[in-house]
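Data block below; observations after.
Being a predicted model, the structure only gives us computed values, none of them experimental.
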Amino acid sequence: MERRYDIDWLRILAFALLIFYHTGMFFVPWGWHIKNPEIYDWLQTPMMFLNRWRMPLLFIISGMGVAFSLKKRKTGNFIWERIKMLLTPLIFGMLVVIPPQIYAERVVDGVFAGSYFQFWPSQLFVNGAYPEGNFSWHHLWFLPYILVFSLVLLPLFLLLKKYPEGRFMRLIHRLVSSPLKIYALTIPLILLEVFVDPFFPVTHDLIHDWFYLLYNAVLFFYGFLFISAYPSFLKALQKGLRGFLLTGFIAYATFLFLRTFEDGWPRHIAEAVVNQISVLSWLLLFFALSARYLNIKSKAVAYWNRAVYPFYILHQTVIILLAWWVMDADWNLFFKFSFISLACFLICWALYEFIIKRFKLTRLFFGVRPSAPRVLWTRSGPGEKF
């Protein structure tokens with residue numbers, strides 16, 4: 001069993017990217033909780049590129065984590081671990097971490113004028129869920145989705161674990177070992193974007209979010225398959241790095257070109273095809289690059305692998321409070337963006353280093369394991385390294 005530090009690093013970097021993405025949301029014209037007085041339209045271009053693959057990457061990596069966890073744990077222990085590590089931080093976050101975001105938004109919009117300590121007891125549970133009310137999971141929507149996927153797909157995962165040499169897994173090995181055949185995995189994603197996306201816009205509320213729920217469930221399942229067939233998957237990563245890069249550029253450029261045409265079903269179908277090819281290409285490229293350059297043992301990967309989950313839980317609240325503080329400052333984009341993102345990192349690190357990881361209760365609330373961090377392992381031989 002070989003430890004895959006590259007996937008650990010990719011997980012860390014994927015979550016770290018959220019700091020920059022959510023800082024950027026303060027400056028673009030897209031709907032968000034609070035907005036900078038000056039909006040920068042050109043910033044939409046890099047933000048839209050990130051938005052294509054940032055969450056798919058996290059869902060695939062989360063599915064990989066399930067594959068590892070089921071190799072190390074019995075079914076009952078796996079279910080308990082999922083509930084404890086996902087549901088407990090979600091409940092804590094909805095009661096403690098998220099309310100300051102809503103308070104800042106209500107004050108900025110002129111809906112509430114009192115202090116936070118007046119807001120929490122009197123307004124948090126009034127008028128139901130956000131946006132009509134003030135109770136929400138905001139950016140923590142990722143946690144209930146992962147919990148649902150883990151439990152609903154568990155029977156399928158156990159069946160595949162029981163028959164690793166079955167017909168289905170032999171097919172998966174053949175698909176994921178080829179840089180060309182692996183693109184067959186885009187077919188379910190394309191069909192979902194074509195036939196489900198137009199009727200179910202993304203809501204992040206789990207209940208009515210049918211397109212996003214099914215789409216991310218497929219990606220989560222792919223993550224499990226990639227780890228279950230990792231020696232074969234690694235072959236595709238070794239052979240296809242340049243092809244993934246070229247395909248990603250061409251497909252994304254085509255996607256942008258199609259957006260210049262009048263909207264309608266022909267454009268929608270063409271967009272779905274090139275969009276999903278683009279998304280998978282960039283994801284495969286990132287896995288290939290990390291396998292080539294990041295499979296390195298270090299104390300840093302062990303430290304940040306534990307810290308990244310609390311960072312994820314905290315980061316958007318810290319960003320919104322910092323953005324609220326500098327909203328009216330006479331700073332340009334560079335200084336505001338740099339200050340918010342850097343200060344967010346330092347505040348999250350200080351909270352993790354000096355409070356969260358040092359007490360049993362705070363570790364429970366933020367999903368921090370007291371022992372060694374989780375790592376992803378795969379069977380591989382000496383010839384399967386880059």
Side-chain angles (χ1 to χ4, degrees), residues 10-36 39-62 101 137-143 145-146 186 189-190 192-194 196-198 200-205 209-220 222-223 244-245 247-260 263 267-268 270-287 289 311-312 315-316 319-320 323 333 337 340-341 344:
L10 198 56
R11 173 177 176 265
I12 293 165
L13 294 173
F15 275 110
L17 184 65
L18 294 178
I19 292 179
F20 299 104
Y21 183 82
H22 286 136
T23 300
M25 288 295 292
F26 180 55
F27 299 98
V28 292
W30 306 340
W32 204 53
H33 309 291
I34 63 174
K35 284 294 176 181
N36 189 57
I39 297 299
Y40 302 88
D41 289 333
W42 64 266
L43 196 57
Q44 293 180 91
T45 300
M47 290 283 287
M48 186 168 65
F49 173 69
L50 294 178
N51 203 34
R52 297 295 93 189
W53 50 260
R54 63 184 184 91
M55 294 311 301
L57 179 60
L58 286 173
F59 277 107
I60 288 180
I61 292 174
S62 297
Q101 299 184 33
W137 52 41
H138 271 34
H139 70 287
L140 299 183
W141 66 266
F142 181 72
L143 302 184
Y145 281 60
I146 292 296
T186 62
L189 303 175
I190 291 170
L192 285 170
E193 184 171 348
V194 170
V196 183
D197 180 32
F200 295 96
V202 176
T203 63
H204 294 153
D205 68 355
D209 204 14
W210 284 106
F211 164 70
Y212 213 48
L213 189 70
L214 294 173
Y215 181 83
N216 290 314
V218 172
L219 293 169
F220 187 81
Y222 285 172
F244 299 147
L245 178 61
T247 305
F249 270 120
I250 293 174
Y252 187 67
T254 306
F255 170 76
L256 294 179
F257 175 71
L258 289 172
R259 291 173 66 88
T260 64
D263 198 7
R267 171 186 146 176
H268 174 65
E271 270 188 352
V273 173
V274 296
N275 180 45
Q276 297 309 323
I277 291 175
S278 171
V279 169
L280 186 61
S281 297
W282 291 108
L283 294 175
L284 293 172
L285 175 66
F286 299 143
F287 281 111
L289 289 172
F311 266 64
Y312 159 69
H315 81 281
Q316 183 165 289
I319 287 172
I320 287 177
L333 171 64
F337 190 100
I340 293 170
S341 54
C344 174

Taking all non-hydrogen atoms of both residues, which atom of [X] and which atom of [Y] are closest, and how far apart?
X	Y	result
Gly248	Ser278	O-OG, 3.9 Å
Leu283	Pro56	CD1-CB, 3.9 Å
Met47	Val28	CG-CG1, 4.0 Å
Ile320	Gln101	CD1-OE1, 3.4 Å
Phe211	Val202	CD2-CG2, 4.4 Å

Just by modelled atom types, is the [Y] backbone N or O under 3.5 Å from a matching donor or acceptor in the [X] side chain?
X	Y	value
Asp209	Thr203	yes
Thr23	Ile19	yes
His268	Val194	yes
Asn216	Tyr212	yes
Trp137	His204	yes

What residues form a side chain to side chain contact (heavy atoms under 4.5 Å, CB included) with [X], not counting sequence neighbours?
X	result
Pro46	Leu43
Leu13	Leu294
Asp41	Pro29, Ile39, Gln44

Do [X] and [Y] come within less than 4.5 Å of each other through their side chains, counting heavy atoms only?
X	Y	result
Ile12	Phe311	no
Leu214	Val218	no
Arg54	Phe20	no

Distance-only polar pair, side chains of His139 and His22, donor-acceptor under 3.5 Å
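No, no side-chain donor-acceptor contact under 3.5 Å.
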Side chain to side chain contact (heavy atoms under 4.5 Å, CB included) between Phe27 and Phe337, intermediate numbers included:
CA-CA 9 Å; Phe27 299 98; Phe337 190 100; 3.9 Å; yes
Nearest-0.5 Å distance, [atom1] of residue [X] to [atom2] of residue [Y]:
X	Y	atom1	atom2	result
Cys344	Gln316	SG	CD	10.0 Å
Trp53	Leu285	CH2	CG	10.0 Å
Phe286	Leu245	CZ	CG	9.5 Å
Leu280	Leu189	CG	CG	7.5 Å

For Ile319 and Phe26: C-alpha separation, side-chain torsions, deciding distance, then whether side chain to side chain contact (heavy atoms under 4.5 Å, CB included) applies.
CA-CA 9 Å; Ile319 287 172; Phe26 180 55; 5.8 Å; no
Got a list of side-chain donor-acceptor pairs under 3.5 Å for residues 252-260, not counting sequence neighbours?
unit_1: Tyr252; atom_1: OH; unit_2: Phe49; atom_2: N; d: 3.3
unit_1: Thr254; atom_1: OG1; unit_2: Ile250; atom_2: O; d: 2.7
unit_1: Thr260; atom_1: OG1; unit_2: Phe257; atom_2: O; d: 2.5

Does Trp141 have more than 12 heavy atoms from other residues, nucleotides or ligands lying within 6.0 Å of its CH2?
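Correct, the count exceeds 12.
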Given the rule in the side chain to side chain contact (heavy atoms under 4.5 Å, CB included) test, do Leu58 and Leu18 qualify, once you have shown the distances and angles that lead to the verdict?
CA-CA 11 Å; Leu58 286 173; Leu18 294 178; 4.2 Å; yes
Output all residues satisfying ring-ring contact (aromatic ring centres under 6.0 Å, His included) with Phe249, sequence neighbours left out; order by chain, then residue number.
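Once residues adjacent in sequence are excluded, the partners of Phe249 under the ring-ring contact (aromatic ring centres under 6.0 Å, His included) criterion are Trp282.
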The test is side chain to side chain contact (heavy atoms under 4.5 Å, CB included); show your working for Ile60 and Phe287 and say whether it passes.
CA-CA 11 Å; Ile60 288 180; Phe287 281 111; 3.7 Å; yes
Partners of Glu193 by salt bridge (Lys or Arg N to Asp or Glu O under 4.0 Å), sequence neighbours excluded?
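Testing Glu193 for salt bridge (Lys or Arg N to Asp or Glu O under 4.0 Å), a comparison that skips the adjacent residues, returns none.
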Under 6.0 Å between ring centres: does that hold for Phe59 and Phe142?
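They qualify: ring centres under 6.0 Å apart.
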